[in-house]
Peer 1: 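Structure below; questions to follow.
Convention: sequence-line order gives letters A, B, ...; per-chain numbering from 1. This one's a predicted model, so the numbers in the text were calculated from it and none came from an experiment.
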Number of protein chains: 2
Amino acid sequence: MTAETDVRERVLDAADSLFYSRGFSAVGMDEVRDAAGVSLRRLYSAFPSKESIVLAMLERRHEQWTTELRAVVDSRDDPRARILAVYDYLSAWFADESFRGCGFINAFGELGGVSPAVTSLIRAHKQSFQDEMARLADEAGAPPPLAPQLAILAEGAQTTAAIAGDPLAAGHARAAAEILVDAALA
Amino acid sequence: MTAETDVRERVLDAADSLFYSRGFSAVGMDEVRDAAGVSLRRLYSAFPSKESIVLAMLERRHEQWTTELRAVVDSRDDPRARILAVYDYLSAWFADESFRGCGFINAFGELGGVSPAVTSLIRAHKQSFQDEMARLADEAGAPPPLAPQLAILAEGAQTTAAIAGDPLAAGHARAAAEILVDAALA
DNA sequence: CCGACGTGAGAACGCTCGTTCTCGCTTCCC
DNA sequence: GGGAAGCGAGAACGAGCGTTCTCACGTCGG
């Protein structure tokens, strides 16, 4: 069973990296096989189809993102600092040289119009982020409108950083968040 | 010559609608031909390749977007109202039933990793929007950091409205923009 | 030592794609 | 009226896709 999960991990690692950097339809299964170092036979015994790999990869990405974000947030105690920590997490992420935007937003552009399964997974991921923001805003005692505003800032920072290639977007979003938080708590 | 431009327009109309709603690789040239009501022969005499259609379509979309946005902004006189008009424009756009996010952000996800020409066109479009925001913020006498913050709000509203399917994102972004503008002008 | 099984490498399959070519028909100019 | 050019419809082509199959080989229980 370990061998089986190992194959799945290797395939998901390779698929995540390739699909994230080049998109889904631009990457063939042969390339995934080569990058994973796995035979096509084993690959298709671990996953029934390419789409199932995409779905599994997005699920794993969602869990990684959620875990990492929570870790950064939980390193702070002050409710205001916990909110702002979200943008610090974004800042560190944007600095990664292989950063090419939010994988879920990218997937939505390519597959959102044709794959309902992928669409609902993307939606769930973004909803979970909004819930997280609502929790943090609530902890700080802020009124309800703050949370969606903070989430919108985070989303905008991601696409701006990706397309303009400007990691400073996280700083701008953080500065705006500070103003909004302070205004909401006043 | 009119016939030639007519063919181009018909093809671009069809391609824009199809590519925007389903993505690029999910739509074949046969489908574009059917929707455009043009023979494949004429289609390929007007455009050398599928990618050239994508590029022409994005350029046209950029001009439409810029023109429409300027019209809404120019319907206001007060500098503060001109800034907020941007989010009113977004609000009206999100209400369109065929809205599926920003076509440029979507294109970036699918083609940004493989087509440099498409990437630089997308970048130019987003840069032009940031420039527009900088002009509006400058008109209002706001300090420099405001403009990127307003732009990030607009980008975030677009992806949030698209993925969550929530048109209210424009309202949240507008409310946040009001707070940021007032804080910057205080 | 042997046969059954599981595996890796990659050929093969069926399909779809972007693009080009064929062919019969229309059109229009002289 | 005749021939050359342009056109639409769709077949054809070559490539690439996701997926499956073949086959030779290694492994291992008996």
Side-chain angles (χ1 to χ4, degrees), chain A residues 1-58 106-107 109-118 121, chain B residues 1-58 106-107 109-111 113-118:
Chain A
M1 201 60 55
T2 304
E4 179 69 16
T5 60
D6 182 56
V7 167
R8 283 185 65 97
E9 282 303 307
R10 298 242 298 278
V11 169
L12 290 178
D13 283 344
D16 191 274
S17 160
L18 288 169
F19 291 159
Y20 176 66
S21 63
R22 310 227 312 274
F24 299 102
S25 59
V27 175
M29 294 300 283
D30 288 13
E31 212 167 343
V32 172
R33 172 204 55 187
D34 289 349
V38 161
S39 75
L40 226 40
R41 183 193 191 85
R42 279 182 78 82
L43 196 162
Y44 273 98
S45 74
F47 296 93
S49 68
K50 187 182 190 181
E51 186 180 28
S52 75
I53 297 178
V54 172
L55 290 169
M57 183 240 298
L58 289 177
N106 291 348
E110 181 163 4
L111 304 175
V114 289
S115 167
V118 169
L121 217 150
Chain B
M1 201 58 58
T2 304
E4 179 70 15
T5 58
D6 182 55
V7 165
R8 283 184 64 96
E9 283 303 307
R10 297 243 297 278
V11 169
L12 289 179
D13 283 344
D16 191 275
S17 159
L18 288 169
F19 291 160
Y20 175 66
S21 63
R22 310 226 312 273
F24 299 101
S25 57
V27 175
M29 296 298 284
D30 288 12
E31 212 166 344
V32 173
R33 172 203 55 184
D34 290 348
V38 162
S39 74
L40 227 40
R41 183 193 190 86
R42 280 180 78 82
L43 197 162
Y44 273 99
S45 75
F47 297 93
S49 66
K50 187 182 189 181
E51 187 180 29
S52 76
I53 297 178
V54 172
L55 290 170
M57 182 239 300
L58 289 177
N106 292 349
E110 181 164 2
L111 303 174
V114 290
S115 167
V118 169

Peer 1: To the nearest Å, how far apart are A:E51 CD and D:dT19 C1'?
Peer 2: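 Answer to the nearest Å: 15 Å.
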Peer 1: Which is true for A:V32 with a 4.0 Å heavy-atom rule: it touches a base, it touches only sugar-phosphate, or it touches nothing?
Peer 2: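 Counting heavy atoms under 4.0 Å across all strands, no contact is made by A:V32.
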Peer 1: I'd like to know if the side chain of B:E110 and the backbone of B:F24 have a donor-acceptor N/O pair within less than 3.5 Å.
Peer 2: yes
Peer 1: Rounded to the nearest angstrom, tell me the gap between atom CG in B:D30 and atom C1' in C:dC15.
Peer 2: 14 Å
Peer 1: Measure the shortest side-chain to side-chain distance between A:L121 and A:V54 over non-hydrogen atoms and say whether it is less than 4.5 angstrom.
Peer 2: no
Peer 1: Would you say that B:L40 contacts B:D30 through its side chain, given a criterion of any heavy-atom pair below 4.5 Å between the two side chains?
Peer 2: yes
Peer 1: So, the side chain of B:R10 versus the backbone of B:A36: is there a donor-acceptor pair under 3.5 Å, distance only?
Peer 2: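 Yes, B:R10 side chain to B:A36 backbone: donor-acceptor pair under 3.5 Å.
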Peer 1: Over how many whole Å does the gap from B:L18 atom CG to C:dG18 atom C1' extend?
Peer 2: 16 Å
Peer 1: Starting from P on C:dG18, measure out to CZ on B:F47 and report it in whole angstrom.
Peer 2: 15 Å
Peer 1: Closest approach to the side chain of A:Y44, judged atom by atom: which nucleotide of D:dT19, C:dG18, D:dC7 is it?
Peer 2: D:dT19
Peer 1: Under a 3.5 Å distance rule, please check whether B:S21 uses its side chain to pair with a backbone N or O of B:L18 as donor and acceptor.
Peer 2: yes
Peer 1: Rounded to whole angstrom units, what separation is found between the CZ atom of B:R42 and the C1' atom of D:dG6?
Peer 2: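 Interatomic distance, CZ of B:R42 to C1' of D:dG6: 9 Å.
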Peer 1: Which part of the nucleic acid, if any, lies within reach of A:S25 when heavy atoms closer than 4.0 Å are counted: base, sugar-phosphate only, or nothing?
Peer 2: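 If one applies the 4.0 Å heavy-atom cut-off, A:S25 turns out to touch nothing in the nucleic acid.
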Peer 1: Measure the distance from CZ on A:R33 to P on D:dT19 and round it to the nearest whole Å.
Peer 2: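 Rounded to the whole Å, the gap is 14 Å.
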Peer 1: Nearest to the side chain of A:M29, which nucleotide is it out of D:dC7, D:dT19, C:dT19?
Peer 2: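 Minimum distance to the A:M29 side chain belongs to D:dT19.
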Peer 1: Determine whether any donor atom in the side chain of A:R41 lies under 3.5 Å from an acceptor atom in the base of D:dT22, or the reverse, and answer yes or no.
Peer 2: yes
Peer 1: What is the distance, to the nearest angstrom, from the CG atom on B:D34 to the P atom on C:dC17?
Peer 2: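 Distance check: B:D34 CG to C:dC17 P gives 12 Å.
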Peer 1: Among D:dT20, D:dG10, C:dT19, which nucleotide has an atom closest to any side-chain atom of A:L40?
Peer 2: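 Output: D:dT20.
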Peer 1: Whole angstroms only, please: what is the CD-P distance between A:E31 and D:dC17?
Peer 2: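 Spelled out: CD on A:E31 to P on D:dC17 is 8 Å.
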